[in-house]
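Here's the structure we're looking at; comments come further down.
Every chain is numbered from 1, with letters handed out A, B, ... down the list of sequences.
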2 protein chains.
Amino acid sequence: MTGERGVPPTTVGRLPRYLRALAGLGAQGVATASSRTLAAAAGVGPAQLRKDLSFLGSHGTRGVGYDVEHLSRRLTVALGLTSRRRVVIVGIGHLGHALANYSGFAGRDFTVVGLVDADPEVVGTTVAGLEVQPAERLARVVAEGAATIAVISTPADVAQDVCDTMVAAGVTGILNFAPRALRVPPAVDLRVVDLGSELQILAFHDRRKTELSS
Amino acid sequence: MTGERGVPPTTVGRLPRYLRALAGLGAQGVATASSRTLAAAAGVGPAQLRKDLSFLGSHGTRGVGYDVEHLSRRLTVALGLTSRRRVVIVGIGHLGHALANYSGFAGRDFTVVGLVDADPEVVGTTVAGLEVQPAERLARVVAEGAATIAVISTPADVAQDVCDTMVAAGVTGILNFAPRALRVPPAVDLRVVDLGSELQILAFHDRRKTELSS
DNA sequence: TAGATTGTTAATCGATTAACAATC
DNA sequence: TAGATTGTTAATCGATTAACAATC
């Protein structure tokens, strides 16, 4: 049993930012950083940073700060980035294409092991060095690639079917870009990126700025 | 002064989902929906749905439910989707390209009025029916297009500069895809989509499932 | 009227922030 | 030792959920 039992979801959501901030400081040659410095780089408050890190155990030195190198390693372990995660991307339209080529996806920590699409025009083409597989082979691609993470960038109407198939095939984490609420078993982790909603939320605030003529 | 003063941010974040759920029900021919039905379609609890909607005023009928048509209109107004918002996209790489073609962006509610990139190879090409403009023209593209919303899909190192330029040119809402924390004035609304972080968060949970060998 | 369902209040829960004792 | 800064506790704040009176 390690120290990070019961890390709150909001804290988990900030850990990647801390890791990135540390990488930035490290690249600048900074060896030790206070919570104040590190928090500023990550765009949060120092109290929040210390509280978040405390869930992973005690990794700073009082009166001194945090060792950039040591804390980076600690966060890398906490985030499960010590071994590469295998990812399948389903739906190779404009967005899926972009994701397959995205450096954050195909980088050090993740390996794209399969691309799947339903369109015969797309199947068989090579995207980001991989041949796009047909929809019928979805379960096999997941199982044979031993993928644990799936990215869904299909049209909304097939997203739930695709999701069900992949969960049955062994995926435990899903990143959904399709504008549709998906149902997954409790053991499967679901994250949603809803681009349309993001714009609409901006529109909400925009409206309140421009229509001050009340 | 309308009814939606002080709508909590978490509620605002769910309004687009409600609007989409209503559209789905409407397409099925459903004229009236209870909070239970609508909440199920949106993937939230009925209590939360009613509480969220109550911030916009009283729009249901006790003992009956919500009129799908009427509530849709109400949400459309609340979200500021009665007039089209003008959007500029900066950084026309794989992702920017996908976003320019994304139906949720170029659809009924939003108009892409400008595409900007720094790469001479990309400048001058036509993407989604628009000619990509050079970086030097960024401020002019924003001002002349009267854009209020900006999408940043540039590399991280130029994101803050791009952001500053656009804020100065009149943008009031920013959707940032660059993996970098941006600073904006309080009056500017900033939303962040961090694709790399999303995968790392999935990896965090994935690790805890696969490494139960403690 | 009786049954159903909203809108709202109160209770619970979790997250953030502030303050400070521990300690380098 | 004196100054600095963590790790943690307590206080604040906000969001969710449950319960129910209002009312169609």
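- In summary, B:D194 and A:R17 do not engage in a salt bridge, as defined by a charged side-chain N under 4.0 Å from a carboxylate O.
- For the pair B:R14 and D:dA15, the criterion of a side-chain N or O lying under 4.0 Å from OP1 or OP2 is not met.
- Using a 4.0 Å cut-off, no side-chain N or O of B:R50 falls inside it from OP1 or OP2 of C:dG7.
- Considering only side-chain N and O atoms, B:S35 lies nowhere under 4.0 angstrom from the phosphate OP1 or OP2 of C:dT5.
- Closest to the side chain of B:P9, from the set C:dT16, D:dA15, D:dG7, is D:dA15.
- In terms of modelled atom types and a separation under 3.5 Å, the side chain of B:T11 and the main chain of B:V7 share no donor-acceptor contact.
- In a base pair of the Watson-Crick type (N1 to N3 plus N6-O4 or O6-N4) or a G-U wobble (N1-O2 and O6-N3), with each distance short of 3.5 Å, C:dT6 is matched with D:dA21.
- Closest approach to the A:Y66 side chain among D:dA15, C:dT6, D:dG7 is made by D:dG7 (side chain taken as heavy atoms from C-beta onward).
- A distance-only check finds no donor-acceptor pair linking the side chain of B:S34 to the backbone of B:V64 [under 3.5 Å].
- If you find the closest nucleotide of DNA chain C to A:A47 and to B:A33, the one lying nearer the 5' end belongs to B:A33.
- OP1 and OP2 of C:dA15 both lie 4.0 Å or more from every side-chain N or O belonging to A:T11.
- When each of D:dT16, C:dT17, D:dT8 is scored by its nearest atom to the side-chain atoms of A:Q48, the top-ranked nucleotide is C:dT17.
- The distance from atom CZ of B:R36 to atom P of C:dT5 is 8 Å, rounded to the nearest whole Å.
- For C:dT6, its base sits under 3.5 Å from the side chain of B:R62 at one donor and acceptor pair at least.
- Inspection of the A:R50 and A:S35 side chains reveals an N or O donor paired with an N or O acceptor under 3.5 Å.
- Comparing C:dT6, D:dT5, C:dT8 by their nearest atom to the side chain of B:S34 picks out C:dT6.
- If you check C:dC13 for Watson-Crick or wobble pairing at under 3.5 angstrom, you find it paired to D:dG14.
- Nearest to the side chain of A:K51, among C:dT17, C:dG7, D:dT6, sits C:dT17.
- Note: CG (A:L49) to C1' (C:dT17) measures 14 Å, nearest angstrom.
- Applying side chain to side chain contact (heavy atoms under 4.5 Å, CB included) to B:P185 and the options B:V167, B:D164, B:T172 leaves one that passes, B:V167.
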